[in-house]
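Notes follow the structure.
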Amino acid sequence: MRKLVALPVLSADALSSVAYGPEAMLAVLALAGAAGLAYSFPVAGAIVFLMLAVGLSYRQTIRAYPHGGGSYIVAGDNLGRMPGLVAAAGLMTDYILTVAVSIASGVAAITSAIPSLTTETVPMGVGVIVLMLAGNLRGIRQAGALFAAPTYAFIAAMFALVAAGLVDAAGQGFQPRPTPNVPVTETLGLLLIMRAFSSGATAMTGIEAISNAVPAFRSVEWRNARTTLTWMVGLLIAMFAGIVVLIYCTGVVPSARETVLSQLARLTFGSGWMYVFIQAATAAVLLLAANTAYNDFPRVLSLLARDDYAPRTFMRLGDRLAYSNGIVLLSVTAALVFVAFNGRTASLIPLYAVGVFLAFTLSQAGMVVHWWRRRSRHWRKSLVFNAMGALLSAVVFITAGISKFTEGAWVAVVAVALFLLVTTRIRRHYETARAALQLHPHAIELPAHALAGPVSQGKPLVQHEHGIRPGEMNRESEELPEEVRHLCVVAIATLDLASMRALAYAASLQQPVLALHISVAEDEARRFRDYWSLWGDHLPLEVIVSPYRAVVAPLVRYLEALHRQHPELTLTVIVPEIITSRRRHQLLHSRTATRLRRALRPLPKIVITSVPFHLPSD
């Protein structure tokens, strides 16, 4: 991506957070009345310093991880397996709440402009999530001017608002307007100020997005990514500080009926077209920010599945080349959170800060260890920047966890604990399964000679993979056993005991046998052929490269093409199937046989057979 496109696409989450970050800070300070609001400048100054420090820290991350350095990867590489999992837990919580908070704030921008829709907040929010689910399952992605426009419109709207507001304030000598009487419900103290600081710091959410997407930039990738990050942090600080100054000058306080941005826009521009533009731009960029989680959440989940910490089904791409299962999980979870908190941004913010700054802290701590180990050029300076980012992020995390624990932060803490429990249990099951499936010196052996089959010497069985209609195949007209001509096709994912059992079963039928393997890359395909040769090359082998991790669709296309070339054959597709002792563990294993049976049912002369392999209890 060009920097002009990457900036709005990757910064939407971070920049849009100024729509609720300053308001979240003021909402806490207002609990102490005018005395609390007087601390808005010092607290905002501390947040700006935090933005600058964390931004500098992530510049070092981009330099160290030019291929993308998400919190899960950085923490896992440098701090170990468990810190990496904790960082992933924070990220997953962050992405779920990004959807919930951004949509809640976007709906609030709409209801502030159209108060009659206030009672429809929850249905509107859930409807938006459903639309995002449908769009992302269809393969819609962020790209180009279509997705850059809302962010640029929001930036223009915020700078226009701040500039016009400051001009008005200058005309009055920058004398602040009197603040409405705010009832005092809490005593001003250190705990209240810490709560306000952690709430306002949510304006930093999404600041790590650019470091995750370094390979998406044009060459030189890391240099362009660092430049884009610098611009993003600069814009974020300018808009956040400008809005806080404008709030001070106008005396606006948070209201349950209207957002702070809406109040500022109404005071500055009235209710004309400029007010409508600001509210529309705010709603649009917040909804775009919610959609960024649909790119990142499934990707992190696929990395966890790759490392055996999540069901392997989350590694599978759908027909539209999207991680469909991860998208569905994100939508369902975000919708449940949104409904549980009635779509109120103020109620969701305490949950948000914990996950965000937990991931920040572990990522930056991992970078400190990285520089200490590598000690490359300028490592001391980089280590200091990352150490400062880690320390400040840890302060916000601890502050949010303690000061907001009873307000909802406990939900995020419990979610992280449950995440660790579930992922470690999943990993343990996969380790048990791997040990049970591992080949040993006395593994099942097939006959030393290759069984006969319709395979030309040195040529693939299928020359092309054109789809055909069921009516183009020969119909099932065989009535006598001797009229049936067989070919057994054994689908093999990897060479293990389950696959050996399926191959042995196919060979025992005394019919021609063909082994079929799906690889995600040419390198993996070559490795599998090497393993096959070491095993003895007892049977003909066909390898299909499917770079998008799809399994069923390439199998179906191959079988269709095979039947087109050999319509006289009855194909018996044999699939090894893992059977677990506990039903819940069955969700962790492929359901290829079931999906193949459903996909191939309309086609004639194809039989699906699953060969079970029972895992021991774990």
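Because the structure is a prediction, the values reported are computed rather than measured.
- Between L329 and F297 the shortest side-chain heavy-atom distance falls below 4.5 Å.
- When all heavy atoms of A390 and A365 are compared, the closest pair comes out as CB-N, 3.7 Å.
- Here the closest heavy-atom approach between residue A53 and residue L392 is recorded as CB-CD1, 3.6 Å.
- Using a 3.5 Å distance cut-off with no hydrogens or angles, the side chains of N386 and Q364 do pair a donor with an acceptor.
- Between R257 and T111 there is no side-chain heavy-atom pair separated by less than 4.5 Å.
- The environment of OH in Y248 is sparse: at most 12 heavy-atom neighbours from other residues, nucleotides or ligands sit within 6.0 Å.
- Residue L191 holds its CG atom at 9.0 Å from CD1 of I402, rounded to the nearest 0.5 Å.
- For the pair M51 and M204, the tightest heavy-atom approach, listed with the atom from each and the gap, is CG-CG, 3.5 Å.
- Remark: N325 CG to L137 CG distance equals 9.5 Å, nearest 0.5 Å.
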Please evaluate residues W371 and S382 with respect to the criterion side-chain contact (heavy atoms from CB on, under 4.5 Å), reporting the C-alpha separation (whole Å), side-chain torsions for both, the decisive distance (0.1 Å), and the verdict. CA-CA 7 Å; W371 296 122; S382 299; 3.4 Å; yes

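- Two residues are said to be in side-chain contact when any heavy atoms from C-beta on lie closer than 4.5 Å; L4 and Y152 meet this criterion.
- Residues T151 and V9 fail the side-chain proximity criterion, which asks for heavy atoms closer than 4.5 Å.
- Proximity of L261 to I278: side-chain heavy atoms (C-beta onward) are nowhere separated by under 4.5 Å.
- The closest donor-acceptor contact from the side chain of S347 to the backbone of G343 lies at 3.5 Å or more, if one exists at all.
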* To do: Let me see the working for V368 and W372 under side-chain contact (heavy atoms from CB on, under 4.5 Å), right down to the final yes or no.
  => CA-CA 6 Å; V368 171; W372 180 258; 5.5 Å; no

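- Proximity of S255 to Q263: side-chain heavy atoms (C-beta onward) are separated by under 4.5 Å at one or more points.
- To the nearest 0.5 Å, atoms CD1 (I96) and CG (L351) are separated by 10.5 Å.
- Each salt bridge (charged side-chain N to carboxylate O under 4.0 Å, His left out) pair with one or both residues in residues 258-282, not counting sequence neighbours, appears once here: E258-R266.
- Here the closest non-hydrogen pair linking S16 and V285 is CB-CG1, 3.7 Å.
- Panel note: side chain S198, backbone M194; a donor-acceptor pair is recorded below 3.5 Å.
- Remark: side-chain polar atoms of T333 are not paired, donor with acceptor, to backbone N or O of L330 under 3.5 angstrom.
- A donor-acceptor contact shorter than 3.5 Å is absent between the side chain of S199 and the backbone of A196.
- Between D94 and T98, the side chains place a donor N or O and an acceptor N or O closer than 3.5 Å (distance only, hydrogens not considered).
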Evaluation steps, side-chain contact (heavy atoms from CB on, under 4.5 Å), between M239 and V162 = CA-CA 8 Å; M239 290 193 294; V162 171; over 6 Å; no

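- For the pair T202 and V356, the minimum side-chain heavy-atom distance is 4.5 Å or more.
- The structure places CD1 of I247 at 11.5 Å from CG of L267, a figure rounded to the nearest 0.5 Å.
- At least one donor-acceptor pair under 3.5 Å links the side chain of T361 to the backbone N or O of A394.
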Ring pair (Phe, Tyr, Trp, His ring centres under 6.0 Å) between F360 and Y58: does it pass, once the steps are laid out? CA-CA 9 Å; F360 281 1; Y58 272 103; 5.8 Å; yes

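- Annotation for S11 and I210: closest pair OG-CD1, 4.1 Å, computed over non-hydrogen atoms.
- V214 pairs in a side-chain contact (heavy atoms from CB on, under 4.5 Å) with only one of the listed residues (T228, I62, N224), which is I62.
- In summary, the side chains of Y275 and S262 do present a donor paired with an acceptor at a separation below 3.5 Å, with no hydrogens or angles considered.
- You'll find the ring centres of F277 and F154 outside the 6.0 Å limit.
- Between I110 atom CD1 and S105 atom OG the span is 11.5 Å, to the nearest 0.5 Å.
- A donor-acceptor contact closer than 3.5 angstrom is absent between the side chains of Y20 and S102.
- Residues R195 and E186 are paired through a salt bridge, judged by an N-O separation under 4.0 Å between the basic side chain and the carboxylate.
- The CZ atom of F357 sits 10.5 Å away from atom OH of Y352, with the distance rounded to the nearest 0.5 Å.
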Report task. Applying side-chain contact (heavy atoms from CB on, under 4.5 Å), run through R59 and F385 and close with a yes or a no. Result -> CA-CA 9 Å; R59 279 176 57 88; F385 283 140; over 6 Å; no

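- Contact between W410 and F405 at its shortest, heavy atoms only, is CD1-O, 3.0 Å.
- Between L26 and S40, some side-chain heavy-atom pair lies under the 4.5 Å cut-off.
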